[in-house]
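These values consider heavy atoms only, across backbone and side chains, with no hydrogens, waters or symmetry-generated copies. Naming convention: chains lettered A, B, ... in sequence-line order (proteins, then strands); numbering from 1 in each chain.
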Number of protein chains: 4
Amino acid sequence: MSTKRAETTLDRPTQILDAAMICFAERGFHQASMHDISAEAGISVGLIYRYFKNKDEVISAMAAEHKKHIAELLERAGQAPTLLESLEILFTSNCCESSPQVLSAFVVDLFAEASRNPTVAKIVRDVVRTTTKGVTDLIARSPEIKYAAHKLGPEAIADMIFAVNDGLMMRSVLQRSGVSSAKQRERQLDVARTLWRLLFTRTSHANGHN
Amino acid sequence: MSTKRAETTLDRPTQILDAAMICFAERGFHQASMHDISAEAGISVGLIYRYFKNKDEVISAMAAEHKKHIAELLERAGQAPTLLESLEILFTSNCCESSPQVLSAFVVDLFAEASRNPTVAKIVRDVVRTTTKGVTDLIARSPEIKYAAHKLGPEAIADMIFAVNDGLMMRSVLQRSGVSSAKQRERQLDVARTLWRLLFTRTSHANGHN
Amino acid sequence: MSTKRAETTLDRPTQILDAAMICFAERGFHQASMHDISAEAGISVGLIYRYFKNKDEVISAMAAEHKKHIAELLERAGQAPTLLESLEILFTSNCCESSPQVLSAFVVDLFAEASRNPTVAKIVRDVVRTTTKGVTDLIARSPEIKYAAHKLGPEAIADMIFAVNDGLMMRSVLQRSGVSSAKQRERQLDVARTLWRLLFTRTSHANGHN
Amino acid sequence: MSTKRAETTLDRPTQILDAAMICFAERGFHQASMHDISAEAGISVGLIYRYFKNKDEVISAMAAEHKKHIAELLERAGQAPTLLESLEILFTSNCCESSPQVLSAFVVDLFAEASRNPTVAKIVRDVVRTTTKGVTDLIARSPEIKYAAHKLGPEAIADMIFAVNDGLMMRSVLQRSGVSSAKQRERQLDVARTLWRLLFTRTSHANGHN
DNA sequence: CATGAATGAGATTTCATTCAT
DNA sequence: AATGAATGAAATCTCATTCAT
């Protein structure tokens, strides 16, 4: 009974996308087969096609899911009291949900897919635009920016923060399973945090000049 | 023998890898077929197998080629008179060789592949290690670092520079063909250069001079 | 119960077979899916299986329906005052019921199916036998035959009439939607009527009167 | 060696189409699988795709083959000394090449397919147009027509002859394997020949009148 | 009686790889 | 060295049929 409850709680599309996430992260969009996904989800292949027209639509739905996920994150980040706390929320949550590598492998694949699949490209571009806008606003509204040791505009700062973050994510797929991934993750976050500090720390003098 | 022209100048493996680069960038490692590659190279499928054991080996060879390419770049960068010039060489050359998006699509795919293919992962990790080491040394040796407005060690700086660069590369695959890619590329370089300025600008005392 | 309107008037099997007729004529027996039929009938797939054991039985039922339909036609034709009027009834009704091409596409498919499906073949053979017998009788009883310009027996005549008719039906599936189908249908009927005239026109002695 | 010779004589496309003919006649276009065809041809499934883009193209090629075949027949029929001999060539050859039912099952299926597949429809319409034209010319040029007991034009006569023939072909798919097919075929030819006699026999009187 | 989610076998199609020439 | 015909496994997708509700 409780098992049935659990099954009913998760609607099929979600169940399928959850399975797809695992398969896609593990083997890539085009090496994970529909059979792999169905097996991972514990259902038959045909059933996937009741909810998704074809594999491309599963991939697009995954991209859309990613977009939704990022939007939620942005929402939560916007409610943090300080800018640095917002950034922490935005950029550290990745590793908690599923295993850290899973997500980065998926995202890197998503960008690779975007370079060839117009539907996915559109969604990913939308994610990029929305998050950049969100963080730009966050920065513009934050007091930290006013006393920064540089004259960069909020958007330039946001661009840089995202570039560093995406770069770190891209490299995180290289992590060897042997090495403690928590440790490597920490090392990566250090790079991001260092940048933030660099960008938002006031210099004693700059204060008066700006 | 002497009847054959330019074709003979290019040895077969190179000819094949050049074709593979185009196909892989265009369609991705696992959607480009061996037939695509042979057609692009203007040879028969079978001939590829005389020089490469199988498709995976072509992919690995591409990764190795990338490594070699990056090593040459690093070499050239090391000979520049100033640190900023070194960085320019290192990070702006991408766009010149082939079309700009081609290379970034390939590199993003390479990282995606590395997350699943141990052989490729090993090579890419090696590239990362070598280049980081190279740039770290470059920074350590440079006078600019001594008067920087921060206390970051050379390796932390190198990490950050690469993170930004990889992140920009990842995003560059999203470029719409409609929009001037030269312009967008310039905009991306601006982000990178801004970071360099930020990292290598003298302390507040020197600040007034700029 | 009384809340249901017209739908109840039509019993389920008929409703299903009506839908099947449309689907089969449109896409063919083996390209129309059970889902297509259920959708056309406005019911669920499962419900079809309450009334028909499987798809083959739906096909057989369609054949049987066709047989019944032809039998009725033959009955009506038998009541016409003259032989020519009987033939008109028999061979011109096709076009009136549904769209003209629909029926011919269905019948051609039915014969194609009969060549492989014994159950359908049995029914179609039965239709052929019955109608040939019917028309043979009609001819034998008619006064027109006595003074015909030839010495063909009633059955030979019936065979010929049916051959022409089936041949015209077979060709009618080729009609381009662009061209007026009414016009083309008329042109086809002309061929049939010409044959009838040829078969039932009096000998040369009477020839001068026409 | 002689086996190899035999294989080389038959080029692959022909070999595949020969196999397809058997499969299509036996099971119909859409129930014969590509695997069936490959098995019948004694080759692998994949090889079919080297010569035909997809199944539809195999079907279209079969239609084209049919067209070519009919054209040859028409050519041969045109060289016969008398009209009746021409008709004999045109309409009796069907049964000789392969088994009689095979061809008629194929042709009926071809028409059924034509009612839904535009490419096939185009080819079949072309066959119909060409053959009608050919036989119309044959009739117009023949002396038999001049003294016929009727006033039908050559095209009306050709239409009628083809209608009867197609109708007979359609019905021939119903033949039971138990019954001697040669006998039934003979019976069908009788109907056709009776029509020809009817159309081309001069009446003693008509001679003077026309 | 009625639904439609679910299954799984099977169809079409692609593609890495081999091998005779 | 070079070709490209040939293979066959595997991938995507469809569909007749069942069954719990």
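Closest contact between the side chain of Ser44(A) and the listed nucleotides dC13(F), dT7(F), dT7(E) involves dT7(E). For Ser33(B), the side-chain atoms get nearest to dA16(E) when compared with the rest of dA16(E), dT12(E), dA11(F). For Val45(B), whose side chain is taken as the heavy atoms from C-beta onward, the closest listed nucleotide among dT13(E), dG4(F), dT7(F) is dG4(F).
In this entry the distance linking OH of Tyr51(A) with C1' of dG4(E) reads 9 Å, nearest Å. In this structure, NE2 of His35(A) is placed 17 Å from C1' of dA11(E), rounded to the nearest angstrom.
Within the structure, every side-chain polar atom (N or O) of Tyr49(D) is placed at least 4.0 Å from both OP1 and OP2 of dA6(F). Proximity of Arg50(A) to the phosphate of dT14(F): no side-chain N or O atom is located under 4.0 Å from OP1 or OP2.
When atom types are taken as modelled, the side chain of Asp126(C) and the backbone of Ile123(C) share no donor-acceptor pair closer than 3.5 angstrom.
Pairing analysis of DNA chain E (Watson-Crick: purine N1 to pyrimidine N3 plus N6-O4 or O6-N4; G-U wobble: N1-O2 and O6-N3; both under 3.5 Å) yields stems of 3 or more pairs at E:2-21 with F:2-21.
When all heavy atoms of Ala20(A) and Val58(A) are compared, the closest pair comes out as CB-CG1, 4.0 Å. Between Val120(D) and Ala63(D), the shortest heavy-atom contact is CG1-CB, 4.4 Å. Between Cys23(A) and Ala32(A), the shortest heavy-atom contact is O-CB, 3.7 Å.
The residue Phe52(A) sits apart from the nucleic acid: no heavy atom pair falls under 4.0 Å.
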Could you go through residues 106-114 of chain C and list every donor-acceptor pair under 3.5 Å that involves a side-chain atom there, pairing it with any protein atom two or more places apart or in another chain?
residue   : atom : partner   : partner atom : Å
Asp109(C) : OD1  : Arg116(D) : NH2          : 2.6
Asp109(C) : OD2  : Phe29(C)  : N            : 2.9
Glu113(C) : OE1  : His30(C)  : NE2          : 2.8
Glu113(C) : OE2  : Asn117(C) : ND2          : 3.0

